[in-house]
Q: 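One structure, as structure tokens, below. Some questions next.
The structure presented is a predicted model; accordingly, all values stated were derived computationally and were not measured.
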Amino acid sequence: MSKEYNVAILGATGAVGRRMIDQLAKSTIPVKSVKLLASSRSAGTHLKFRDQDLVVEETTSDSFDGVDLVLSSAGGNVSKKFLPEAVKRGAVCVDNTSAFRMNEDVPLVVPEVNPEALKNHHGIIANPNCSTIQMVMALEPVRRKFGLKQIIVSTYQAASGAGQAAIDELKKESQDYLDGKDMHEDAQILPTKGDKKHYPLAFNLLPQIDVLEDSGYSHEEWKMIHETKKIMLNDMNSKDIKVTATCVRVPVPIAHGESVYFTVEDESTTAQDIMDVIADFPGDVLQDDIKNQIYPQPINAEGSRDTFVGRIRPDYENKGAFNMWVVSDNLLKGAAWNTVENAEYLVKMGLI
């Protein structure tokens, strides 16, 4: 008889946490019990797991007694406080925050891309940033077959990347705009909640995601650069692939888009070659039929676990260089599903 696991979901009432519950219910993980954890503010909320009605509990260190697996998306400070306590009690944790991503002894894993990294875990596995996940999903089959020299990415990131409150804010601003009202009073969260100024997202574009650093890059851009290198090359500072990013928040509720320009080592590679390897890669869906205007769109990606890739075309001015367009649901493959999928791989590989 296969082992069954006691699972805790930390941050269960958030936009990602609720999707983790759903993805866990649909997963292949043999679940013995589920414990839903959140802050004292959310404790007492009732949520469903399959046909069970569960009450959300306030998180304490003792919450993890007897827990085998923790799926976490409650914010970096919460993860830093509680996940080491869970590990002490024998649990393996998959964390969807930035708390541990750049720690050398914490694997940063997209299961289709670098599952072998899971073997090196010491109790905590980090989920990459949502925008990084979909980009490496699209580029990993290219890297394996043709080599990668350089990546230049511009993101078009949905409001949901900043949480449910940002979606609500976008909707309120949109209605105010249509009603001829001032949107600026509604802006309380974006571009980033902890910064000095806030701007409306509705009918607007914000070229800032996360805080702006002295380097001139936003922290989101920094994450994409260094997470990509850690995932693909196991070295966040590697020079073997050059990566740069511009990250922009757009007035879309769910699903990020990315314009990715990349250069391959094999200069004989064609656009059709790129399409073929992407079409064959697990988790990627090729949508590239320009004669019929078929290409990835956020409105169609919402609710899917897949990464959608299209508009693949060569840069005719530079040999070995290509453009592509990548779209994925940032709350599923970019967060909840990648977290649960990592846990599935841990079970399959006997690492938990």
Q: For N6 and S33, which I'm curious about, is there any donor-acceptor pair between the side chains at under 3.5 Å?
A: yes

Q: Please check if any side-chain donor atom of T228 sits under 3.5 Å from a side-chain acceptor atom of T132, or the reverse.
A: no

Q: Can any side-chain N or O of R18 pair as donor or acceptor with the backbone N or O of T13 at less than 3.5 Å?
A: yes

Q: Would you say T97 and D95 are linked by a side-chain donor-acceptor pair, where the criterion is simply a distance under 3.5 Å?
A: yes

Q: Is there a side-chain contact between N237 and K229, using heavy atoms and a 4.5 Å cut-off?
A: no

Q: Indicate the ring-plane relationship of Y156 and W325, choosing parallel, tilted or perpendicular according to the 30° and 60° boundaries.
A: perpendicular

Q: Please determine, by modelled atom types, if E220 and S131 share a side-chain donor-acceptor pair under 3.5 angstrom.
A: yes

Q: Testing the 3.5 Å rule here: is there a donor-acceptor pair between the side chains of T28 and E344?
A: yes

Q: For the residue pair E112 and F281, what are the closest heavy atoms and their distance?
A: O-CZ, 3.5 Å

Q: Could you tell me whether a side-chain N or O of H121 sits under 3.5 Å from a main-chain N or O of P107, the two making a donor and an acceptor?
A: no

Q: Taking NZ, NE, NH1 and NH2 as the nitrogens, is one of them in D68 or K32 under 4.0 Å from a carboxylate oxygen of the other?
A: no

Q: List the atom of V92, the atom of L351, and the distance in Å for their closest heavy-atom pair.
A: CG2-O, 4.3 Å

Q: Hey, is K230 close enough to E227 for a salt bridge, meaning N to O under 4.0 Å?
A: no

Q: Please walk me through it: do D22 and K26 pass salt bridge (charged side-chain N to carboxylate O under 4.0 Å, His left out)?
A: CA-CA 6 Å; D22 179 60; K26 295 173 180 175; 3.1 Å; yes

Q: Run K223 and D210 through salt bridge (charged side-chain N to carboxylate O under 4.0 Å, His left out) and show every step you take.
A: CA-CA 10 Å; K223 285 185 282 188; D210 212 323; 3.3 Å; yes

Q: Compare all side-chain heavy atoms of V106 with those of R101 and state whether any distance is below 4.5 angstrom.
A: no

Q: Please find the pair of heavy atoms, one from F82 and one from T59, that lie closest to each other, and give the distance.
A: CZ-O, 3.6 Å

Q: How many angstroms lie between atom CG of N204 and atom CG of L170, to the nearest 0.5 angstrom?
A: 10.5 Å

Q: Of the non-hydrogen atoms in Y5 and I352, which two are nearest, and what is the gap between them?
A: OH-O, 3.7 Å

Q: Working to the nearest 0.5 angstrom, can you tell me the gap between H226 NE2 and I231 CD1?
A: 13.0 Å

Q: Could you please spell out the steps behind the side-chain hydrogen bond (donor to acceptor under 3.5 Å, both in side chains) verdict for T244 and Y217?
A: CA-CA 10 Å; T244 192; Y217 282 76; 3.0 Å; yes

Q: My understanding is that only residues two or more places apart in sequence, or in another chain, count here; which of them pass ring-ring contact (aromatic ring centres under 6.0 Å, His included) with Y261?
A: none

Q: What's the separation between atom CG in D240 and atom CD in Q150, rounded to the nearest 0.5 Å?
A: 13.5 Å

Q: Are a donor atom and an acceptor atom from the side chains of R305 and Q23 found within less than 3.5 Å of each other?
A: yes

Q: Do E173 and H184 have side-chain heavy atoms sitting under 4.5 Å apart?
A: no

Q: Please evaluate residues E169 and K172 with respect to the criterion salt bridge (charged side-chain N to carboxylate O under 4.0 Å, His left out), reporting the C-alpha separation (whole Å), side-chain torsions for both, the decisive distance (0.1 Å), and the verdict.
A: CA-CA 5 Å; E169 186 170 284; K172 179 70 165 59; over 6 Å; no

Q: Over all heavy atoms of both residues, which pair between L36 and A12 is shortest? Give the atoms and the distance, please.
A: CB-CB, 3.8 Å

Q: With a 6.0 Å cut-off (strictly less than), is the heavy-atom count around CG of D179, excluding the residue itself, greater than 12?
A: yes

Q: Nearest 0.5 Å please: distance from the CD atom of Q293 over to the CG atom of D289.
A: 10.0 Å

Q: Within the structure provided, determine whether V285 and S304 are in side-chain contact (heavy-atom separation under 4.5 Å).
A: no

Q: Are the side chains of V67 and V7 in contact, using a 4.5 Å heavy-atom criterion?
A: no

Q: In Å and rounded to the nearest 0.5 Å, what is the OH to CD distance from Y345 to E116?
A: 11.0 Å

Q: Might you work through the side-chain hydrogen bond (donor to acceptor under 3.5 Å, both in side chains) test for D105 and H122, ending with a clear yes or no?
A: CA-CA 7 Å; D105 61 344; H122 301 284; 5.3 Å; no

Q: Do you see a donor-acceptor pair shorter than 3.5 Å between the side chains of H256 and Q134?
A: no

Q: Could you walk me through whether V260 and L139 pass the side-chain contact (heavy atoms from CB on, under 4.5 Å) test, one step at a time?
A: CA-CA 9 Å; V260 184; L139 287 176; 3.9 Å; yes

Q: The test is side-chain contact (heavy atoms from CB on, under 4.5 Å); show your working for L108 and M102 and say whether it passes.
A: CA-CA 8 Å; L108 185 67; M102 292 296 106; 3.9 Å; yes

Q: Side chains of Q272 and T270: donor-acceptor distance under 3.5 Å anywhere?
A: no

Q: Would you check if there is a donor-acceptor pair between the side chains of S160 and N330 at a distance under 3.5 Å?
A: yes

Q: Does I254 form a side-chain contact (heavy atoms from CB on, under 4.5 Å) with L331? I'd like the steps, not just the answer.
A: CA-CA 7 Å; I254 294 173; L331 299 179; 4.0 Å; yes

Q: Do K333 and N338 have side-chain atoms, one donor and one acceptor, less than 3.5 Å apart?
A: yes

Q: Would you say the side-chain atoms of T45 pair up with the backbone N or O of S42, donor to acceptor, closer than 3.5 Å?
A: yes

Q: Would you say the side chains of N127 and T339 form a donor-acceptor pair under 3.5 Å?
A: yes

Q: What closest approach, in Å, do V327 and A301 show between heavy atoms, and which atom pair accounts for it?
A: CG1-CB, 3.6 Å

Q: Could you grab the distance from atom OG of S79 to atom CD1 of I124, nearest 0.5 Å is fine?
A: 8.0 Å

